[in-house]
Amino acid sequence: MCGIFGYVGSRPDAGGLVIEGLKNLEYRGYDSWGVAWKEGSAMEVRKDTGKISHLNPEDFGGDTSHIAIAHTRWATHGGVTKVNAHPHLSCDGTIAVIHNGIVENFDELKKELTKKGHTFLSETDTEVVAHLVEEEMKKTNDFGAAFRQACIRCKGRNAFLALHTQSQTLVAARTGSPLIVGVGSDGYYIASDTPAFLKHTRTVQYIDDGEMVVTDGKHILFYDIATGEERMKREIAITWNPEQAEKGDYAHYMLKEIMDQKESVARAVNQDEKDIETVAKAINEAKGTFLVGCGTAGKACMAAEYFFSVVAEKHVNFAPASEFKLYHHFLKPESLLIVVSQSGETADVLEAMRVAKSKGSKVLAIVNVQGSTIAREADYTVQINAGPERAVASTKALTGQLAVLLLIAYALTGKLKEGKKLLLETSSMINDMLNPRYVERLRQLSELIKRKEDLYIIGKSWNYPMALESAIKIQEVSYIHAEGFAGGELKHGPIALIEQGTPCIALMGKDEVTTDMISNATQLKSRGGFVIGVSPQKYDAFNEWIKVPDAGNAQAIVNIIPIQVLAYFLAVQRGKDPDMPRNLAKSVTVK
Ligand code: F6R
């Protein structure tokens with residue numbers, strides 16, 4: 001949450017460069033934006049509320065500056081106003097700070113600094129950092145040293161980036177929220193995620209928790225914040241390319257990423273077989289395996305409970321990462337925690353993982369973002385290789401997660417090749433499904449239901465978590481009230497909500513629960529529900545039928561595809577921006 005990007009180096013267009021890169025971080029927050037650059041000896045600042053896509057990089061200093069920072073905000077402290085937008089400045093205007101996280105003790109620091117004569121302009125927690133560094137600068141003339149002292153005083157999980165005009169230096173510190181250095185031939189880039197600078201460099205250095213960096217554009221030094229000792233860092237090459245992070249001819253990233261699934265599921269499946277077997281061995285040897293994730297990734301974990309049961313006769317427990325606190329009492333050194341996360345930075349997931357590690361348990365991470373904190377801290381990591389996912393609503397990451405989890409379920413019983421074959425067939429089914437006629441059919445269906453305010457989705461077995469996921473997808477982009485239920489639970493309460501014409505979606509496969517699901521769909525229809533069946537076969541219970549291929553144990557993967565497309569069109573038809581839903585941000589790094 002909140003996007004941070006800064007540059008210092010030989011390029012003279014630093015202001016425009018950071019604004020351009022910031023557009024690739026807008027998925028992290030889009031309440032307001034701000035930029036600061038050094039022009040001559042002065043600090044130039046622009047900020048405003050709203051989105052940044054319309055901004056012209058040329059309007060931010062032209063060829064006058066070699067150092068700049070920029071920020072896109074997801075508000076925590078202080079309303080969404082121009083004054084509260086970052087950067088925030090010291091009283092003398094020589095220090096500008098941008099921030100992701102929450103300075104938990106900001107109130108106390110603000111009172112202390114106010115007593116010392118500092119004037120605050122905003123309601124944010126971030127502003128205290130600029131003044132705190134200014135105060136520390138009275139004791140030392142070294143910006144890096146002053147910044148380190150300020151960081152030591154700030155509580156919470158944070159990432160800070162600061163620009164000092166006098167020393168022409170950028171300083172960044174990480175105490176819980178992600179920050180990555182891009183090493184360019186023309187200077188250093190510092191961002192909360194790599195898409196900000198992929199166009200300029202694919203060589204990175206990761207700032208770990210408790211570390212800070214100081215750079216003047218020619219050199220960069222890493223330090224331990226607590227001790228001040230210098231740290232050595234490796235340079236790492238990342239494989240994502242800038243084109244993968246662009247939306248090309250698509251109107252929205254969400255649609256582009258739905259379409260990417262023609263190939264991304266196959267990429268998730270094409271794993272090194274030895275790695276998957278190693279992971280399967282760890283699960284087989286563990287005494288107690290837990291799966292945790294949040295939101296959509298959590299629904300992939302829940303589906304995996306069914307995969308592991310049906311394919312491998314293996315019992316695993318799922319808990320939403322935010323609920324894991326009361327489960328960790330079970331953890332032992334022989335336990336295994338499987339964490340699933342697209343971003344690899346979600347605060348609740350990281351916390352669950354760290355608790356597990358503190359109990360001596362091993363952690364397997366299934367992630368998308370290369371080099372993310374979760375990927376680096378886990379004992380075993382499997383990448384889903386979906387490529388950059390920019391839309392806030394997760395689509396291709398989900399199907400990649402499902403594919404990897406199902407593959408592991410097959411590997412648990414020594415049937416990895418069988419699983420791979422099924423999943424590669426599933427991938428080509430998805431390729432066939434996402435043709436223009438199919439997409440148009442779903443657009444027309446969205447026309448039929450776009451004015452409804454309530455929508456219910458039912459499913460059984462692995463289609464139950466997919467019903468919950470369908471609800472998330474529809475809610476977050478179209479703002480229709482959507483809810484998912486287990487088909488059999490309907491008659492225990494939710495069926496009271498069904499009225500004449502209420503849209504209901506039934507997610508089905510050809511399996512041992514099909515007969516029960518037909519009966520559940522019929523119960524909905526006979527109460528006046530307008531039943532949309534997503535199923536390989538047509539039944540009388542359906543008012544509308546969306547055909548999906550019969551994918552056997554991979555049915556969850558194909559069934560969610562038409563729902564993603566439907567959710568996308570519902571958002572567009574209702575005039576909403578599917579890429580930037582209100583109140584949300586991708587990569588939830590606060591708790
Ligand atoms: C919904 C969505 C979220 C994420 C959740 C976890 O479309 O994207 O529910 O799935 O915030 O994020 P990651 O997977 O990055 O841990």
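Atoms within each ligand, like the ligands themselves, are counted from 1 in listed order. When a residue number appears, it is its place in the shown sequence, counting from 1. Note that these values count all heavy atoms, side chains included, but never hydrogens, waters or copies made by symmetry.
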In terms of atom number and element, which parts of ligand 1 are under 4.0 angstrom from non-hydrogen atoms of [X]?
X: S343; result: 13 (P), 15 (O), 16 (O)
X: A297; result: 10 (O), 14 (O)
X: A393; result: 7 (O)
X: K473; result: 1 (C), 7 (O)
X: E476; result: 1 (C), 7 (O)
X: Q342; result: 13 (P), 14 (O), 15 (O), 16 (O)

- Query: Is any side-chain N of the basic residue among K51 and D579 closer than 4.0 Å to the acidic one's carboxylate O?
  - Reply: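 No salt bridge links K51 with D579.
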- Message: I'd like to know if D208 pairs up with K233 as an ion pair, taking the criterion as any Lys NZ or Arg NE/NH1/NH2 lying under 4.0 Å from an Asp or Glu carboxylate oxygen.
- Response: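 A salt bridge is present here (some side-chain N lies under 4.0 Å from a carboxylate O).
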- Hey, what's the ring geometry for F290 with F330, parallel, tilted or perpendicular (30° and 60° as the breaks)?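 Judged by the thresholds at 30° and 60°, the geometry between F290 and F330 is parallel.
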- Task: Determine whether any heavy atom of T395 lies closer than 4.0 Å to an atom of ligand 1.
- Result: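 T395: no contact with ligand 1 (<4.0 Å).
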- Message: With a 4.0 Å cut-off on heavy atoms, is E345 in contact with ligand 1?
- Response: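 The answer is no: ligand 1 sits nowhere under 4.0 Å from a heavy atom of E345.
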- Item | Check: V340 N/O within less than 3.5 Å of ligand 1 N/O |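 The answer is no, given that V340 and ligand 1 share no N or O pair closer than 3.5 Å.
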- Query: Would you say Q401 and ligand 1 have an N/O pair spaced under 3.5 Å apart?
  - Reply: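 No.
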- Message: According to side chain to side chain donor-acceptor pair (under 3.5 Å), who are the partners of K23, at least two apart in sequence or on a separate chain?
- Response: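 None.
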- Tell me, yes or no, whether the heavy-atom count around Y479 atom OH, taken from other residues, nucleotides or ligands under 6.0 Å, exceeds 12.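 Atom OH in Y479 is crowded, with more than 12 foreign heavy atoms closer than 6.0 Å.
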- Backbone, side chain, both or neither: what part of T296 comes under 4.0 angstrom of ligand 1, heavy atoms only?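 The part of T296 near ligand 1 is both the backbone and the side chain.
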- May I ask you to identify, for V392, whether its side chain, its backbone, both or neither come under 4.0 Å of ligand 1 on a heavy-atom basis?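 Contact part for V392 vs ligand 1: backbone (N, CA, C, O).
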- Does the side chain of S394 come under 3.5 Å of the side chain of Q342 through a donor N or O and an acceptor N or O?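 No.
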Considering only distance and modelled atom types, tabulate donor-acceptor pairs under 3.5 Å from the side chains of residues 400-409, sequence neighbours left out.
none

- Can a cation-pi geometry be assigned to R376 and Y206, taking NZ or CZ under 6.0 Å from the six-membered ring centre and within 45° of the ring axis?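 Yes; both conditions hold, so R376 lies above the ring face of Y206.
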